[in-house]
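A, B, ... follow the sequence lines: proteins, then strands. Residue 1 opens every chain.
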Number of protein chains: 2
Amino acid sequence: MSDIPIDAPELEDTAAERFSQARTAQSLALLEDYTEMIDDLIRELGEARITDIARQMGVTHPTATKAVARLKREGLASARPYRGVFLTEAGIAMAERVRLRHRVVVDLLCAVGVPPEAAEIDAEGIEHHVSDVTLQAFEAWLSQKAG
Amino acid sequence: MSDIPIDAPELEDTAAERFSQARTAQSLALLEDYTEMIDDLIRELGEARITDIARQMGVTHPTATKAVARLKREGLASARPYRGVFLTEAGIAMAERVRLRHRVVVDLLCAVGVPPEAAEIDAEGIEHHVSDVTLQAFEAWLSQKAG
DNA sequence: ACAGAAATGTAGCCGTGTCTACATTGAATG
DNA sequence: CATTCAATGTAGACACGGCTACATTTCTGT
Ligand SMILES: [Mn+2]
Ligand SMILES: [Mn+2]
Ligand SMILES: [Mn+2]
Ligand SMILES: [Mn+2]
């Protein structure tokens, strides 16, 4: 690196980096959705059971079990057989971060005229691809618009 | 359906639908990125070779080959051994649709103050989760802002 | 306390997307 | 024309995320 030949094409080389970053973001999406949603369940019901997690995600219970196994493997959750699922500190942190992003994305979509129903649906996918700098820009724009 | 019990919780049932739609959108993301990018290559270089496709996507050439196989299977591309890859009518249509969405998303992000570099990166993931109604809202908002 | 129902666990299948390693083909160079 | 190298094909491994089917455990109502 730092070896950028003068006049090199190199125009396209950045595309690979974009796609790569999008793939990385996507690989985190499932973890983000599960942590946020498990946190929701704990807040609302006092616990997060596999059945509820599965229903909430729209998947079967073995799929939810596998996802929780991955959460545990990545240090985001803890669970013991036949007991509810709990989030670690890291899991709670991820849940809160993703909840904030979800809300801000929905707010921004609504603010530019997207119907709330569509905003809520699209935000579920968009949120995972909003970088910190973009999130800050959204927040700044929203507060400037309101204030 | 049409059997909505009065006072039912049912609040959470919509979440599953959101997640499900996000998963569907994601399953199309790879096809969209490849069609758009192959179309770009054909425009710029006159042909889309596996090596170029792979470099552009930031993957190895067997990965690109498999992706092209899926494009063919889904009727979006055609290719014969040791020849370049071509898009079908459906593939070209998808490429153009996705290119429009990409551009509109970047424009909107920039318009609300996201730095162009970040806008370009984030748009690569966001574009796949922008529904038609949201796209229209973006376009309306942008043209209203400009006009 | 017990039987039945509900929840959870587990095994194993499939499709996808990534990779490495190796085989084959095509193109360029002398 | 022969050699060599780049491009392409192909095989096979792995991780992931979805599913069905079946086993086990826990909860619940009588
Ligand atoms: Mn989401
Ligand atoms: Mn969300
Ligand atoms: Mn993309
Ligand atoms: Mn794009």
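B/Asp33 places its CG atom 13 Å from the C1' atom of C/dG17, with the value rounded to the nearest Å. Distance, B/Gln26 CD to D/dC16 C1': 13 Å, rounded to whole Å. Taking atom CD1 on A/Ile53 and atom P on D/dG18, their separation rounds to 13 Å, with Å as the unit. The nearest whole Å value for the distance from the CE atom in B/Met57 to the C1' atom in C/dC19 is 15 Å. The CG atom of B/Asp52 sits 10 Å away from the C1' atom of D/dA7 (whole-angstrom rounding). In this structure, A/His128 atom NE2 and D/dG17 atom C1' are separated by 15 Å, rounded to whole Å. Distance B/Ile50 CD1 to C/dC19 C1': 16 Å, rounded to the nearest Å. In this structure, B/Leu45 atom CG and D/dA7 atom P are separated by 13 Å, rounded to whole Å.
Set against C/dC19, C/dT10, C/dA7, the side chain of A/Thr65 has C/dT10 as its closest nucleotide. Side-chain proximity of B/Tyr82 to the nucleotides C/dT18, D/dG9, C/dT20 is greatest for D/dG9. Candidate nucleotides C/dT8, D/dC19, D/dG18 were compared by shortest atom distance to the side chain of A/Tyr34, and D/dG18 ranks first. Closest approach to the B/Val59 side chain among C/dA11, D/dT8, C/dC19 is made by C/dC19 (side chain taken as heavy atoms from C-beta onward).
Residue-to-nucleotide contacts include no donor-acceptor pair under 3.5 Å from the side chain of B/Lys66 to the base of C/dT16.
The 5' end of DNA chain D is approached more closely, in terms of each residue's nearest nucleotide, by B/Pro81 than by the other of A/Ser27 and B/Pro81. Each of A/Arg73 and A/Arg83 lies near DNA chain D, and the nucleotide nearest A/Arg73 is the one positioned closer to the 5' end. Between A/Gly84 and B/Thr60, the one whose closest nucleotide on DNA chain C sits nearer the 5' end is A/Gly84. Heavy-atom nearest nucleotides on DNA chain C were determined for B/His61 and for B/Glu74, and the one closer to the 5' end corresponds to B/Glu74.
In this structure, the side chain of A/Thr35 engages the main chain of A/Leu31 through a donor-acceptor pair within 3.5 Å.
Of the side-chain N and O atoms in A/Thr63, none sit less than 4.0 angstrom from OP1 or OP2 of D/dG17. Close to C/dT8, at under 4.0 Å from its OP1 or OP2, lies a side-chain N or O of A/Arg49. Note on A/Arg70: a side-chain N or O is less than 4.0 Å away from OP1 or OP2 of D/dG17.
Looking at B/His102, B/Gln26, B/Glu32 one by one, the single match for side chain to side chain donor-acceptor pair (under 3.5 Å) with B/His128 turns out to be B/Glu32.
Using a 4.0 Å cut-off between a side-chain N of Lys or Arg and a carboxylate O of Asp or Glu, B/Asp40 and B/Arg43 do not qualify as a salt bridge.
As judged by a 4.0 angstrom heavy-atom cut-off over every strand, A/Thr51 is placed among residues touching the sugar-phosphate backbone only.
Closest non-hydrogen pair, A/Leu135 versus A/Val130, comes out as N-CG1, 3.7 Å. Taking all atoms of both residues into account, the shortest heavy-atom contact from A/Ala90 to A/Gly75 is CB-O, 3.9 Å. When all heavy atoms of A/Tyr34 and A/Thr63 are compared, the closest pair comes out as OH-O, 4.2 Å.
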